[in-house]
Amino acid sequence: MLGLSLAVPVVGAGLILLLRRNPNAREAASLVTAGALFAIVLRVYAAVSEGGRPSLVLAEPIPGLPLALEAEPLGVLFALIASFLWIVTTMYSIGYMRGHHEKNQTRFYLFFAFAIASVMGVAFAGNLFTLFVFYEVLSLTTFPLVTHAGTEKAKRAGRVYLGILFTTSIALQLLAIVWTYAITGTLDFQDGGILNGEAAGAVVPILLGLYVFGIGKAAVMPFHRWLPAAMVAPTPVSALLHAVAVVKAGVFAVLKVTVYVFGIDFLGAEGASVWLMWVAAATIILGSLVAFTKDNLKARLAYSTVSQLSYVVLGAMLANSWGVIGSGMHIAMHAFGKITLFFCAGAIMVAAHKSEVSQLGGLGRRMPVTFAAFFIGTLSIVGLPPTGGSWSKWFLGVGSLEAGQVGLVAVLMVSSLLSLAYLMEIPLKGFFGKADGQAGGHGGHADHGSADAHDDHGHAPAILRWSMAAIVTTSVACVILFVYPEPFYRLMSMVAGP
């Protein structure tokens, strides 16, 4: 199953390329491949939830440093999220890419599949060497997606994207990995951490800092600029970056290194992570404040992501069981909430040609399902019932108190209030704001097809219902995860230990 988790997306990419002249068959191949991958990950989940640790050595390019896969609870959580959301994002992309008349659609689906294969490698990495290799491959496979438009602005964003991610990973992360190997003689992930008992003193906070800042996909300030720059990409790519793959690979890697390289008991005893708690806290608040200043909807959501990612980093740096549980659960809850918000932003762009928050007055009355879904996604990001985001925020708060960091509880509360203010403005403006006389672009029932903007193509309304199905799926999932968070909670309880 572990080998298939890598092979199936690659085979799917081949099918997408072969079927490029038949869009319906091409997209069917993408959906079937995504469904097959999710079924594979469910099999792995079943094994791990029963206490198993399936493993597979792919190759050993360097003696003693194999490319190896191992399924453990944290990796399974990430793989479940990514594989399921690949299905939903493909559904959304069918409507968006055709409805927006995007060029190079085959290339989009092709590299999306390659990116998901890379994500599976990151999720199931059995050691730091494997994690680093697939982390870099993920950067390369998502570059064509970021530069999809082919404009000078897109190319410039791509240069920023690769420049920051490669610089941080090579100059900082690789240095940390080599240093870890020099200290311990191994790069294998291990319960309790491989550095526990092997490192002490100032080395520990310095090494931890190299990992946190070196994993640039986590977007901890000041290494966050690549994320808003990448918003020039089509909305499905933004969804991939923010919810399915890239940023989640970053914060997942930070959490995995914290648990299996350092060990939470070791970090807690050393107090080595306290300074990084406050770096994460600063990113949380500053990201929210910058989001306030953005009128462009995708830019506002991008800085919201910068803020929300550091919740995961903060939970890891708390170095206690509740913090780790909250951190892992926030990976899941933020994924479903934020992908819903980006899906809605894309639907607004396609159906109404609106991209600025100031242009949304009254649009919710024309697109009630889209704006209702945005409202639900907002509740989850803020951390309010009845949405799943309330659980991760709760556990992070409990972890902060257990660590004796009352100030961090205040940070979490202030950040939630800021998120409420800059996100809730969108549905409130949409439902209760005054229309500017042109909201909705081409008029009426935008949600029933999300597509009055393309009525000149008879198939457009039916095609764009795929996007609406995706929006409804993820927004409903936000509520289901409040009622039934058990699978993710169980996995993270296994990670955190007794």
Straight-line distance of Arg159 CZ to Lys155 NZ, nearest 0.5 Å: 8.5 Å
Distance under 6.0 Å and angle within 45° of the ring axis: does Lys248 meet both against Phe78? no
Has Asn127 got a side-chain atom pairing as donor or acceptor with Phe189's backbone, closer than 3.5 angstrom? no
Lys294 with Glu425: basic N within carboxylate O range, under 4.0 Å: no
Student check: side-chain heavy atoms of Thr89 and Phe343 closer than 4.5 Å: yes
What distance do Phe134 atom CZ and Leu138 atom CG have between them, rounded to the nearest 0.5 Å? 11.0 Å
Just by distance, no angles: are the side chains of Thr142 and Tyr161 close enough, under 3.5 Å, to form a donor-acceptor pair? yes
Interatomic distance, CZ@Arg465 vs OG@Ser467, rounded to 0.5 Å, equals 11.5 Å
So, Trp226 side chain and Ala219 main chain: donor-acceptor pair closer than 3.5 Å or not? no
Does a side chain donor of either Glu136 or Ser169 reach within less than 3.5 Å of an acceptor in the other side chain? yes
Can you check whether Tyr135's main-chain N or O pairs, donor with acceptor, with Lys217's side chain at less than 3.5 Å? yes
Can any side-chain N or O of Glu356 pair as donor or acceptor with the backbone N or O of Asn296 at less than 3.5 Å? yes
Give a yes or no on whether the backbone of Gly377 and the side-chain of Ser380 come within a donor-acceptor separation of less than 3.5 Å. no
Anything under 30° is parallel, anything over 60° is perpendicular, the rest tilted; go ahead and classify Tyr489 against Phe395. parallel
Would Lys298 pass as a cation-pi partner of Phe342, given that its NZ or CZ must be under 6.0 Å from the six-membered ring centre and within 45 degrees of the axis? no
Check Phe166 against Ser139 and note the closest heavy-atom contact, atom names and distance. CE2-CB, 3.9 Å
Output all residues satisfying ring pair (Phe, Tyr, Trp, His ring centres under 6.0 Å) with Phe143, sequence neighbours left out; order by chain, then residue number. none
Which heavy atom in Val8 sits nearest to a heavy atom in Ala36, and how many Å separate them? CG1-CB, 4.2 Å
Are side-chain heavy atoms of Thr283 and His224 found at a separation under 4.5 Å? no
Report, as yes or no, whether the 6.0 Å neighbourhood of atom CZ on Arg365 holds more than 12 heavy atoms from other residues, nucleotides or ligands. yes
Heavy-atom count around Arg107 CZ within 6.0 Å, excluding the residue itself: above 12? yes
Would you call Leu6 and Leu69 a side-chain contact if the rule is heavy atoms closer than 4.5 Å? yes
Check Ala345 against Leu301 and note the closest heavy-atom contact, atom names and distance. CB-CD1, 4.2 Å
Derivation and outcome, side-chain contact (heavy atoms from CB on, under 4.5 Å), residues Leu37 and Met120: CA-CA 10 Å; Leu37 178 61; Met120 292 299 109; 4.1 Å; yes
Straight-line distance of Cys344 SG to Ile376 CD1, nearest 0.5 Å: 9.0 Å
For the residue pair Ser30 and Ile16, what are the closest heavy atoms and their distance? CB-CD1, 4.1 Å
Could you walk me through whether Ser327 and Met492 pass the side-chain contact (heavy atoms from CB on, under 4.5 Å) test, one step at a time? CA-CA 9 Å; Ser327 183; Met492 288 313 302; 5.9 Å; no
Taking Glu72 for its side chain and Leu74 for its backbone only, find out whether a donor-acceptor pair lies under 3.5 Å. yes
Can you tell me if Thr258 uses its side chain to pair, donor with acceptor, with the backbone of Ala316 under 3.5 Å? no
I want to check something: taking the side chain as every heavy atom from C-beta on, are Leu80 and Leu77 in contact at a cut-off of under 4.5 Å? no
Kindly give the heavy-atom pair with the smallest separation between Ile381 and Ser304, and that separation in Å. CG2-OG, 4.3 Å
Where do Thr90 and Glu27 land on the side-chain contact (heavy atoms from CB on, under 4.5 Å) test, with the steps shown first? CA-CA 8 Å; Thr90 301; Glu27 288 152 14; 5.6 Å; no
When you compare the side chain of Val483 with that of Pro386, does any pair of heavy atoms fall below 4.5 Å? no
Could you point out which residue of Phe488, Trp391, Tyr311 forms a ring pair (Phe, Tyr, Trp, His ring centres under 6.0 Å) with His330? Tyr311
Testing Thr474, Thr473, Thr387, Thr378 for side-chain hydrogen bond (donor to acceptor under 3.5 Å, both in side chains) with Thr340, which one passes? Thr474
Partners passing salt bridge (Lys or Arg N to Asp or Glu O under 4.0 Å) against Glu486 (at least two apart in sequence or in another chain): none
Does a side-chain heavy-atom distance below 4.5 Å link His334 with Ser392? no
What's the spacing between Ile348 CD1 and Ile426 CD1 if we round to 0.5 Å? 8.5 Å
For Lys393, salt bridge (Lys or Arg N to Asp or Glu O under 4.0 Å) partners two or more places apart: none
Rounded to the nearest 0.5 Å, how far does CZ of Phe108 lie from OG of Ser93? 3.5 Å
Thr370 and Phe374: side-chain contact (heavy atoms from CB on, under 4.5 Å), yes or no, with the steps? CA-CA 6 Å; Thr370 297; Phe374 197 101; 5.8 Å; no
Under 6.0 Å between ring centres, would you say that holds for Tyr303 and Phe292? no
Quick check against the 3.5 Å criterion: does Lys256 have a side-chain atom that pairs as donor or acceptor with the backbone of Ala125? yes
Within the distance-only criterion (no hydrogens, no angle test), does the side chain of Gln173 pair as donor or acceptor with the backbone N or O of Thr168 below 3.5 angstrom? no
Tyr92 and Trp466 aromatic centres sub-6.0 Å: no
Do Pro23 and Gln105 make a side-chain contact, defined as non-hydrogen atoms from C-beta onward lying under 4.5 Å apart? no
Under 6.0 Å between ring centres: does that hold for Phe371 and Phe375? no
Between Ser475 (side chain) and Val472 (backbone), is there a donor-acceptor pair under 3.5 Å? yes
Between the side chains of Ser307 and Ser288, does any donor sit under 3.5 Å from an acceptor? yes
So do the side chains of Phe482 and Ser390 get within less than 4.5 Å of each other, counting heavy atoms only? yes
Met1 versus Ile40, closest heavy-atom pair with distance: O-CG2, 3.3 Å
